[in-house]
Structure formats: structure tokens, C-alpha cells
Amino acid sequence: MISYEAVIQQVEKQLASAKHANNEQQIREALTAIRALCDVVLDVPTATSHVQVNHLPQMLSTEQMPSTIKTTKIQHNDGANGDSIFDF
């Protein structure tokens with residue numbers, strides 16, 4: 001887990017960049033970085049809010065599906081000259 005002190009140092013660094021920025025674009029970039037840093041700290045799930053997903057292994061398991069597809073050649077007497085759907 002990222003320590004709060006490290007994140008706060010990075011937030012302070014970005015805040016200083018925003019204060020000394022020369023234009024609005026640089027200010028917005030620094031504020032966006034601050035938002036991202038805060039999101040990283042605040043969105044980390046805690047041990048008490050950990051949710052286990054039990055159905056995922058079932059979805060990922062490989063089951064052998066029986067092969068019941070039969071390839072039978074259909075005989076048509078309509079003047080077609082082959083098996084392709086593009087044969088006329």
C-alpha cells in the first residue's frame with residue numbers, strides 16, 4: 001500500500017507546480033494530478049470491504065462440450081454447381 005506521507009509529498013509538489021504555473025493549462029494539469037493522487041489513496045479497498053467473487057472460477061473453467069455437429073452434404077437438384085453459398 002502506498003503510504004499517506006508519500007502521497008501528501010506528491011500532492012504538495014503538484015500544488016507548488018500549480019502555484020508557479022504560467023498558464024491555465026499547467027494549472028489544470030497539476031490539479032488533475034492532485035485529483036488522481038487523492039483517488040489512488042481514497043479508492044483503495046480496505047480489508048473489511050473486500051468482496052470475494054466465487055462465480056469467476058466457474059466461468060473460467062473449461063468444460064468439454066460434446067461435439068454433436070454432423071457434416072452431412074445436402075443434395076440439391078436446383079442446378080447449383082457446388083457447396084458454396086456463392087455458387088449459382
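Computed from a predicted structure; not experimentally measured.
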Problem set entry | Residue that, paired with Asp43, satisfies side chain to side chain contact (heavy atoms under 4.5 Å, CB included) out of Asp39, Val41, Val40 | Asp39
Problem set entry | Check: Gln26 side chain, Asn22 main-chain N or O, donor-acceptor pair, under 3.5 Å | yes
For this session: Measure across Ala18 and Ile27 and return the closest heavy-atom pair with its distance rounded to 0.1 Å.
Result: O-CG1, 3.7 Å
Exercise. Gln25: what forms a side chain to side chain donor-acceptor pair (under 3.5 Å) with it, not counting sequence neighbours?
Worked result: Glu29
Problem set entry | Heavy-atom pair with the smallest gap, counting every atom of Val7 and Leu37 | CG1-O, 3.9 Å
For this session: Calculate, to the nearest 0.5 Å, the distance between atoms CD1 and OG belonging to Ile8 and Ser3 respectively.
Result: 8.5 Å
Exercise. Which value, rounded to the nearest 0.5 Å, describes the distance between Asn23 atom CG and Arg28 atom CZ?
Worked result: 11.5 Å
Exercise. How many angstroms lie between NZ in Lys19 and CD in Glu12, if you round to the nearest 0.5 Å?
Worked result: 9.5 Å
Problem set entry | Minimum heavy-atom distance between Ala30 and Gln14, given as atom pair plus value | CB-O, 3.4 Å
